[in-house]
Enquirer: 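Mind having a look at this structure? Questions to follow.
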Amino acid sequence: MIKLFSLKQQKKEELASGTSSAGKRKATAAQLRLTKDLNELQLPKTCITEFPDPNDLLNFKLIITPDEGYYRGGKFTFSFKVGLGYPHEAPKVKCETMVYHPNIDLEGNVCLNILREDWKPVLTINSVIYGIQYLFLEPNPEDPLNKEAAEILSTNKRQFEQNVNRSMKGGYVGSVYFERCLK
Amino acid sequence: MLQGLDYCLKMEVDNVVSTVREPLNWSGRWNHIQKVLERSGPFAHPDFEPSPDILGFLLNNCKLLVIGAGGLGCELLKNLTLTGFRHIDVIDMDTIDLSNLNRQFLFRQNDIGKAKATVASDFINNRVKGAEVVPHFCKIQDYDASFYKQFHIVVCGLDSIVARRWINGMLISLLEYDEDGNLDQTSVIPMVDGGTEGFKGNARIILPGLSACMECTLDLYPPQVNFPMCTIAHTPRQPEHCVEYVKVFGWEKEKPFGDAPIDGDNPEHIKWICGSACERAEQFGIQGVTYRLTQGVIKRIIPAVASTNAVIAAACSTEVFKLASSCGAPMNNYMVFNDADGVYTYTFEAEKSETCVACSQKPKTIHFKPTSQLRELIEFLCQDSMLQMKSPGITTTVNGNSKTLFMKSIPSIERATRPNLSKSLADLGLSSGQELIVADVTTPNSLIFILKLSDQCSAET
């Protein structure tokens, strides 16, 4: 056992010296972890990150340009917001490109298990990016956020493919207009 | 009762007239504490030396910080001051709400809306003779190292993991090491942390640098309850799903209060969410959406139980007493408590993680000239035989803002920070004592370096 208070060391220095340390705020655990995550980011050539302010690592964009699957040739932008609770809490991710996709709704909400119910602190920014990339390769009709898209994907794959193409070229799918997002 | 009051008043008068009698330590006041501190016993630690000086230390010298003046905080302040601790600072950023009054017994109906820290301090200082509790109505993040340094022990009664991690990181950053890398034990400020959730609670001791810290055991905290997005969007089954739906989808879409984000303490916001959630619940034939439930989901409220707070605060106070007096071995080091069904308690040793981001590393000092370029610093990190880094990414904090010095792995950051390579450390705004965060594939976590700048020295660790 350490005797923290051998009585000799009774009084701690009152509000010590007051110099230096002000302003030099200490690194938070979230910052330490995020610096590590980003320095080790290994992305496939279909994924690019964009940091509008390189000094702000907590807010950035991900641009995905799938080179296979239904969404080949499209260009989709996601915003990432990493909070101070990271990695206890998952980053907040939204899709900024309007997309016809069973797991992404028209407001940009993304249904990806590791962003919500299955998030664990061992996961990294890299895992999230791979998860999103996977959504474009394997859209999942079982877990729909855009119900109409999911229904068509499970009943008529050709129709789904046509709808995706129409939406990416810019045009109406049903009554919804999609902006062009081909690269 | 009357007699006692009379006695106190008389003592105060005496105090003015002469200092011969110590009015705050009336005869018998500390009897029970003295029995433990002035004699040895079967539970005392073998190294414990009974002495009347220990009581003097508790009364006059020992300085405590209580973080949180809510359910646990009220209990802690009461327990600690009645045990003899007088110099206590208490921080809380919150104000008193009607729903606090059933268990936060230092507050009355008239206090609603006032700062918890202030009301709690005033109450204790009036009620417990000699107590000098100092309130701080602010966030813990508003103070820096020079504030936290002054305390002997920090006791937490918090409801937020972010705040726990912050104070944990702060106490770790106060550790000092000698040149051989040995920890200076006088720089250790123990943290006693209590937490409750309904009928469950835990109390633990963290000796920063010596035992498991908050980050070592971060995975012990249950993850936030998040419903799958598709459940709340299309297949809601519970009233909570309906509230969560409005929170995630409805608020953004309808913007009932313009661009304002949801404020769980604003009754108008809760009312609106509750109304929309009711409509949705009706569509799906779900019962049970109420104002209370809505507020609970939005603020992630877990019902608080007064008795759990009392048990956990008592455990924490006892540990503070043992740490401050050395009269008994402190708990080792994590106690869980559950009285939802019978009473269960268990204490185990949470283990320090060798790869903990927060406490596994001692900051290394590196020396450079103010005129040295960033490029030279990076070359040093790659060439030094002890480091041999491959592609270090470096961030720091300048004037309270984070700053990315260099990061090669991300093209947009690499482009933006490339010009930094040929700038001098002084021109980059770095000063002596600066903390640099360095991430590299060669280490499992980011490393912290303390940069020392002086004109004569060349690079060395």
Side-chain angles (χ1 to χ4, degrees), chain A residues 1-5 7 9-18 20-33 35-36 38-42 48-51 54-57 84-85 87-90 103 105 107 109-113 115-117 119-122 143-145 147, chain B residues 45 47 53 57 61 63 144-146 149-150 152 161-162 165 169-170 173 185-186 188 190 215 218-219 221 223-224 226-230 233-234 248-249 252-253 323-324 326 329 357-358 393 395 397 399-404 407 409-410 412-413 416-417 433-435 437 439 441 445-446 448:
Chain A
M1 169 175 129
I2 53 158
K3 289 178 85 179
L4 287 159
F5 309 109
L7 292 170
Q9 177 240 336
Q10 284 191 345
K11 267 229 152 156
K12 287 226 158 190
E13 310 147 58
E14 293 291 323
L15 282 164
S17 49
S20 66
S21 65
K24 276 181 202 163
R25 235 176 301 149
K26 301 281 177 182
T28 60
Q31 197 185 348
L32 284 168
R33 171 58 198 273
T35 304
K36 179 73 185 165
L38 295 177
N39 199 55
E40 250 124 82
L41 217 49
Q42 287 198 334
I48 297 170
T49 52
E50 226 17 275
F51 285 74
N55 291 326
D56 177 10
L57 299 181
L84 286 176
H88 183 68
E89 287 157 25
N103 312 112
D105 73 12
E107 274 79 48
N109 297 298
V110 182
C111 187
L112 179 63
N113 62 338
L115 283 176
R116 291 181 67 87
E117 71 272 18
W119 170 258
K120 292 187 181 54
V122 292
D143 242 9
L145 211 50
K147 236 179 174 173
Chain B
H45 192 270
D47 292 346
D53 296 345
F57 171 72
N61 302 105
K63 248 192 128 172
D144 65 9
S146 60
K149 233 169 145 165
Q150 62 178 315
H152 287 100
I161 291 175
V162 172
R165 291 174 69 196
M170 171 55 75
S173 75
Q185 293 202 345
T186 61
V188 173
E215 299 289 331
L218 196 62
D219 48 2
Y221 291 102
Q224 267 186 19
N226 277 319
F227 304 111
M229 192 74 103
C230 31
H234 295 298
V248 175
F249 299 97
E252 280 284 291
K253 207 185 273 178
L323 284 164
S326 305
V357 265
T395 64
T397 303
N399 299 326
N401 299 316
S402 56
K403 185 177 170 91
T404 306
M407 199 175 279
S409 58
I410 295 172
S412 66
I413 298 186
T417 57
Q434 184 95 33
E435 205 173 63
I437 302 174
V441 284
N445 293 317
S446 298
I448 296 175

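Naming convention: chains lettered A, B, ... in sequence-line order (proteins, then strands); numbering from 1 in each chain.
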Enquirer: Counting heavy-atom pairs closer than 4.5 Å to chain B, which one of A:T49, A:L84, A:L38 comes out on top?
Expert: A:L38

Enquirer: Under 4.5 Å, counting heavy-atom pairs only, tell me which of A:D56, A:L32, A:L115 racks up the most with chain B.
Expert: A:L32

Enquirer: Please name the pair of heavy atoms, one in B:E215 and one in A:A29, separated by the smallest distance, quoted to 0.1 Å.
Expert: OE2-CB, 3.4 Å

Enquirer: Is there a side-chain contact between A:T35 and B:M407 in this structure, where contact means two heavy atoms from C-beta onward sitting under 4.5 Å apart?
Expert: yes

Enquirer: If you measure from CG on A:N109 to NZ on B:K253, what distance do you get to the nearest 0.5 Å?
Expert: 9.0 Å

Enquirer: Could you state the interatomic distance from OG1 (B:T417) to CG (A:N55), rounded to the nearest 0.5 Å?
Expert: 9.0 Å

Enquirer: Decide side-chain contact (heavy atoms from CB on, under 4.5 Å) for B:I413 and A:L57; before the verdict, give the C-alpha distance in whole Å, the side-chain angles of both, and the deciding distance to 0.1 Å.
Expert: CA-CA 9 Å; B:I413 298 186; A:L57 299 181; 3.6 Å; yes

Enquirer: Within the 4.5 Å heavy-atom criterion, are B:M229 and A:D105 side-chain neighbours or not?
Expert: no

Enquirer: Any non-hydrogen side-chain atom of B:I410 less than 4.5 Å from a side-chain atom of A:F51?
Expert: yes

Enquirer: Can you give me the closest heavy-atom contact between B:C230 and A:P144, atom names plus distance?
Expert: CB-O, 3.1 Å

Enquirer: Given a strict heavy-atom distance threshold of 4.5 Å, which part of B:N445 is in contact with chain A: side chain, backbone, both, or neither?
Expert: backbone

Enquirer: For A:E50, which atoms come within 4.5 Å of any heavy atom of chain B: side chain, backbone, both, or neither?
Expert: both

Enquirer: Tell me the closest heavy-atom pair linking B:T395 and A:Q31, and the distance in Å.
Expert: OG1-NE2, 4.1 Å

Enquirer: With rounding to the nearest 0.5 Å, note down the distance linking CD1 in A:I48 to OG in B:S412.
Expert: 9.5 Å

Enquirer: Measure from the side-chain N and O atoms of B:S409 to the backbone N and O of A:L41, and report whether any donor-acceptor pair falls under 3.5 Å.
Expert: no

Enquirer: Identify the two heavy atoms, one from A:H88 and one from B:Y221, that lie closest to each other, and give their separation to 0.1 Å.
Expert: CE1-CB, 3.8 Å

Enquirer: Tell me, side chain or backbone of B:V162 under 4.5 Å from chain A's heavy atoms, or both, or neither?
Expert: side chain

Enquirer: Counting N and O atoms only, with roles assigned by atom type, does the side chain of B:S446 sit under 3.5 Å from a partner on the main chain of A:R33, one being a donor and the other an acceptor?
Expert: no

Enquirer: What part of A:V110 gets closer than 4.5 Å to chain B, counting heavy atoms only: side chain, backbone, both or neither?
Expert: backbone

Enquirer: Give, for atom CG of A:N39 and atom CD1 of B:I437, the distance between the pair rounded to the nearest 0.5 Å.
Expert: 12.0 Å

Enquirer: Hey, does B:E252 have a side-chain heavy atom less than 4.5 Å from the side chain of A:E107?
Expert: no

Enquirer: Heavy atoms only: give me the nearest B:R165-A:P87 pair and the separation to one decimal.
Expert: NH2-CD, 3.4 Å

Enquirer: Measure distances from A:E89 to the heavy atoms of chain B and classify the residue's part below 4.5 Å as side chain, backbone, both or neither.
Expert: side chain

Enquirer: Using heavy-atom distances under 4.5 Å, tell me whether A:N103 contacts chain B through its side chain, its backbone, both, or neither.
Expert: neither

